[in-house]
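The first residue in the sequence is number 1, and the count goes up from there. Every value quoted in this text rests on a predicted model; they were computed, and no experiment measured them.
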Amino acid sequence: MNQVDSLQRGIDSIEENLIGEIDNKKLQIATSMNALQFQKTFLGITGYTIGEYIRNRRLTLAAFELMGGKGSILDIALKYGYDSAEGFSRAFKEFHGVNPNDIKKGKTNFNLFNKITLEIKVNGGSKMKFEIVELKDRDFVGFKTVARGNMNKDIDTRWDNDHEAWEASRKEQNALLTDEHIWYEPYNKIDDTQYVHYICTNREDIPSGCQKVHFEGGLFVKIVTEKCKYPTMQLKDVYYQALIDNSWLSNSGYELDEKRNQLYITNWTMINKEERYIEIYLPVSKV
């Protein structure tokens, strides 16, 4: 067993025991490492201590349960390892920026911290803003690319297709670009073998070679990446965690709606490049 496999087995063991107490003996068996070795390896590869990872994951799962109306604040606090509602509320507010009671009352904006998966490199483990929002129908101006593959399952193919579409359309992008430097990317699933990807901006005139693109609104999960120079580096985490491993929605009272369109908004500011971010809107429906 190599180090990556050992570490992933340890992460999987932690994930299986986020409710209740983490058993160090089970971790040692799963990883073939002693506790100190596992802690050092985990920190070195992921950038988080084991305690930070467990806390972030538990507070994320707790937020979904609160949003889904499952149990009292005290019940959920005890379920995720807190001795009191007060201690849980302090930790929750520090991590999410809102109180647990706000989520129970219907507020849906909090932070999302996904499970880490390892393949040589780290996927997941990014802290992103999460919110349930209602979007209105709107029209954009852009051009269309048709890509092969299942939009929500062939994620590596989708990643390559999108990259190729951007690289092959520099001329069209320059014609669309406005002073806002904001890109809108609606995705529409055609069937399980292909999808339509539009690269758009928000303007009234229609440049040569472009078309009006209609986006159908509705109920969406809004996920916002952290601000950085290249926020696209975080996108694959969203593809994998939100579209494939969507168990994070299971306790929230919502499910992904694969029949409706998705929307990505990239704020590509040229003034302060460290302030760039991407908003991802995934369609959901009430369970």
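For the residue pair Y53/E15, the side-chain donor-acceptor check at 3.5 Å is satisfied. Counting only N and O atoms by type, the side chains of T269 and N267 include no donor and acceptor under 3.5 Å apart. In this model, a donor atom of one side chain and an acceptor atom of the other lie less than 3.5 Å apart for H214 and D139. No hydrogens or angles considered: nothing links the side chains of Y277 and E275 as a donor-acceptor pair under 3.5 Å. Inspection of the D75 and S72 side chains reveals an N or O donor paired with an N or O acceptor under 3.5 Å.
At most 12 heavy atoms of other shown residues, nucleotides or ligands fall within 6.0 angstrom of atom CD in E94. The number of heavy-atom neighbours closer than 6.0 Å to NE2 of H163, taken from other residues, nucleotides and ligands shown, is 12 or below. Residue E204 places its CD atom among 12 or fewer non-hydrogen atoms of other residues, nucleotides or ligands, all under 6.0 Å distant. Taking a 6.0 Å sphere around CG of D137, one finds it holds more than 12 heavy atoms contributed by other residues, nucleotides or ligands. R138 CZ: more than 12 foreign heavy atoms inside a 6.0 Å radius.
The heavy-atom pair separating G142 from L176 by the smallest distance is CA-CD1, 4.0 Å. What you find for V141 and C210 is that their closest heavy atoms are CG1-CB, 4.1 Å. Closest heavy-atom contact between P283 and Q262: CD-CG, 3.7 Å. For I116 against Q8, the heavy-atom pair with the smallest separation is O-NE2, 3.7 Å.
For the ring pair (Phe, Tyr, Trp, His ring centres under 6.0 Å) criterion with W183, the lone passing option out of Y264, F143, W268, W166 is W166. Screening F64, Y48, F130 for a ring pair (Phe, Tyr, Trp, His ring centres under 6.0 Å) involving F113 leaves a single residue, Y48.
Looking only at side-chain heavy atoms (C-beta outward), P186 and V213 come within less than 4.5 Å of each other. Looking only at side-chain heavy atoms (C-beta outward), Q194 and V146 come within less than 4.5 Å of each other. At a threshold of 4.5 Å between non-hydrogen side-chain atoms, the residues K286 and Y254 count as touching.
Pairs engaging residues 19-28 under the salt bridge (charged side-chain N to carboxylate O under 4.0 Å, His left out) rule: none recorded [sequence neighbours left out].
Looking at K227 and E274, no side-chain N of the basic residue comes within less than 4.0 Å of a carboxylate O on the acidic one, giving no salt bridge. Between K259 and D257 there is no salt bridge, since none of the side-chain N atoms of the basic residue sits less than 4.0 Å from a carboxylate O of the acidic one. Salt bridge present: E258 and K189 bring a charged side-chain N and a carboxylate O closer than 4.0 Å. A salt bridge links K79 and E65; the closest N-O separation between the charged side-chain nitrogens and carboxylate oxygens is under 4.0 Å.
Looking only at distances, a side-chain donor or acceptor of S84 sits under 3.5 Å from a matching main-chain atom of G87. Between the side chain of S252 and the main chain of M67, no donor-acceptor pair closer than 3.5 Å is present.
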